[in-house]
Amino acid sequence: MTSEERRRRNAYLARKKRRKRQRTIQMIKRGAILCLGVFLIIFGITRIFHKEKSAEEVQAKKTVQVSDEKGEKSGFQQKVIAQAPDYQVELLTPNPYSRPQTALEKINGIVIHYTANPGTTAKQNRSYFEGLKDKQTTKASSHFVVGMEGEIVQCIPSTEMSYASNERNNDTLSIECCHKDETGQFTQETYDSLVELTAWLCGKFNLPVDNVIRHYDVTGKECPIYYVKNEDAWDRFKKDVQKYLDTYGTEPE
C-alpha cells in the first residue's frame with residue numbers, strides 16, 4: 001500500500017470515527033431532550049394537579065369558614081339574667097290531673113295565662129291545682145302563678161309538663177297571672193314580676209322574646225283576656241321583657 005493510499009485510508013477512518021462520534025453526541029442530545037421533555041410534561045401535570053388540589057383545599061377551607069360564620073350569625077343566643085326572681089317553690093303532689101311528671105324534652109316557648117278567677121291569690125290557685133288529684137274533675141296546672149302583690153309560686157318543675165296550653169303543653173312553660181276584676185288587667189306588682197320572671201326564663205332557656213305567646217295564640221281562647229282585647233298592651237309587655245333583658249342581661253359564657 002502506497003503512502004497515498006495509507007493517507008486516504010487514515011483520512012477515511014478518521015471521518016468515519018468523527019461521524020460515529022457525532023451520531024453518538026446527537027443521540028445523547030436527543031435522549032436528553034426527550035428526557036427533558038418527559039420531565040417537563042410530568043412536572044407540568046404535577047403542578048396542574050397540585051394547583052387544582054390546592055384550589056380545592058382553599059375552597060373547602062373557605063366553604064367551612066363561611067359555613068361557620070353563617071352558623072355563628074344564624075345561631076341565636078339570648079342574654080341571661082344572673083339573678084333569679086324571688087319565688088316560692090311549692091310543687092304539686094304528683095298525680096294524673098295536675099302534675100303527671102311527663103318530661104319536657106325541649107322548651108320552645110313561654111305561654112302567658114290569666115286565672116279567670118278575679119280576686120284569688122297565687123296560693124289559692126296553687127291549691128286549686130293541688131285539689132284536682134282528689135276531685136279528678138279536670139286536668140289543669142301551671143308551672144308558675146304570679147299573685148296580685150307580685151308574689152310568684154312555682155307549682156311544676158321546669159323539666160316537667162303542665163296542663164295549661166293544650167297542644168303546646170309538651171314544649172312550653174306556662175305562667176298563670178292573678179287579677180282583681182273581670183277585665184283581667186294585672187296590677188303593677190303582678191306586671192313587674194311577670195316581666196322579670198319571663199325575662200329570666202327567656203335567658204335561662206335561650207328563648208327569643210318572640211317565643212313568648214298568649215294562650216290565645218295557641219287555641220283562640222280569650223286568655224289572658226286583657227292582652228287579647230288590648231294588642232298594644234301585649235306588644236308593650238313584650239318590649240318591656242326585651243328591655244329588661246337588654247338592661248340587666250349579660251352575654252352567656
Side-chain angles (χ1 to χ4, degrees), residues 74-87 104-116 122 125-126 129 140-148 150-179 183-252:
S74 63
F76 175 80
Q77 196 66 54
Q78 180 63 275
K79 287 185 175 181
V80 296
I81 306 297
Q83 182 64 44
D86 184 19
Y87 64 92
L104 282 175
E105 294 183 4
K106 185 173 178 59
I107 296 173
N108 293 319
I110 299 168
V111 186
I112 307 301
H113 303 256
Y114 86 130
T115 63
N125 281 277
R126 186 262 174 202
F129 295 145
S141 57
S142 184
H143 289 90
F144 297 92
V145 183
V146 182
M148 290 182 290
E151 72 276 19
I152 303 172
V153 177
Q154 183 179 18
C155 304
I156 304 281
S158 59
T159 55
E160 297 177 15
M161 184 186 79
S162 70
Y163 286 131
S165 306
N166 303 78
E167 62 265 27
R168 293 299 304 274
N169 284 336
N170 61 352
D171 75 332
T172 60
L173 298 177
S174 54
I175 304 175
E176 288 276 0
C177 298
C178 299
H179 51 98
T183 66
Q185 186 172 7
F186 304 152
T187 64
Q188 190 63 48
E189 292 83 0
T190 301
Y191 184 86
D192 291 343
S193 290
L194 178 61
V195 168
E196 183 180 0
L197 174 61
T198 304
W200 177 67
L201 290 172
C202 283
K204 183 176 181 179
F205 297 102
N206 193 34
L207 299 173
V209 175
D210 283 341
N211 286 30
V212 179
I213 61 176
R214 303 163 294 184
H215 191 187
Y216 170 80
D217 298 314
V218 180
T219 64
K221 179 181 178 180
E222 290 189 333
C223 174
I225 192 169
Y226 183 77
Y227 288 132
V228 174
K229 294 183 178 296
N230 298 272
E231 292 281 350
D232 291 344
W234 175 247
D235 291 339
R236 186 163 57 252
F237 165 72
K238 293 178 71 173
K239 288 179 181 178
D240 284 343
V241 173
Q242 186 63 62
K243 182 179 179 181
Y244 194 96
L245 282 160
D246 293 338
T247 303
Y248 301 105
T250 57
E251 296 297 333

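Predicted model, so just to flag it, every value in this text is computed and none were measured. For the single chain, residues carry numbers from 1 onward in sequence order.
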Tell me whether the rings of Phe144 and Tyr87 are parallel (<30°), tilted (30 to 60°) or perpendicular (>60°). perpendicular
Within the distance-only criterion (no hydrogens, no angle test), does the side chain of His179 pair as donor or acceptor with the backbone N or O of Ala116 below 3.5 angstrom? yes
When rounded to the nearest 0.5 angstrom, what distance separates CG in Leu245 from NZ in Lys79? 8.5 Å
Spacing of CG belonging to Asp246 relative to NZ belonging to Lys239, to within rounding of 0.5 Å: 13.0 Å
For the side chain of Ser193 and the backbone of Glu151, is there at least one donor-acceptor N/O pair under 3.5 Å apart? no
Can you tell me how far apart CG (Asp235) and CD (Glu231) are? Round to the nearest 0.5 Å. 6.5 Å
Contacts of type side-chain hydrogen bond (donor to acceptor under 3.5 Å, both in side chains), residue Arg168, not counting sequence neighbours: Asp171
Are the side chain of Asn211 and the backbone of Ile110 linked by a donor-acceptor contact shorter than 3.5 Å? no
Could you tell me whether the side chain of His215 and the main chain of Ile225 form a donor-acceptor pair under 3.5 Å? no
Give me each pair satisfying salt bridge (charged side-chain N to carboxylate O under 4.0 Å, His left out) with a member in residues 196-208, each pair once, sequence neighbours excluded. none
Applying side-chain contact (heavy atoms from CB on, under 4.5 Å) to Ser158 and Phe205, what does each step give before you reach the verdict? CA-CA 10 Å; Ser158 59; Phe205 297 102; 3.7 Å; yes
Test ring-ring contact (aromatic ring centres under 6.0 Å, His included) applied to Trp234 - qualifying residues, sequence neighbours left out: Tyr227, Phe237
CA sep, side-chain torsions, deciding dist, call: Gln78, Leu207, side-chain contact (heavy atoms from CB on, under 4.5 Å): CA-CA 6 Å; Gln78 180 63 275; Leu207 299 173; 5.8 Å; no
With a sphere of 6.0 Å drawn around NZ of Lys221, does it hold more than 12 non-hydrogen atoms of other residues, nucleotides or ligands? no
Run the side-chain contact (heavy atoms from CB on, under 4.5 Å) check on Leu201 and Ile107 step by step: do they pass? CA-CA 10 Å; Leu201 290 172; Ile107 296 173; over 6 Å; no
Arg214 bridged to Asp217 by N-O distance under 4.0 Å: yes
Only one of Ser165, Ser141, Ser142 passes side chain to side chain donor-acceptor pair (under 3.5 Å) with Ser174, and that residue is Ser142
Check: Tyr244 and Ile81 side chains under 4.5 Å, non-hydrogen atoms: yes
Apply side-chain contact (heavy atoms from CB on, under 4.5 Å) to Val145 and Cys178, showing your working. CA-CA 7 Å; Val145 183; Cys178 299; 4.0 Å; yes
Keeping Thr190 on the side-chain end and Gly147 on the backbone end, is there a donor-acceptor pair under 3.5 Å? yes
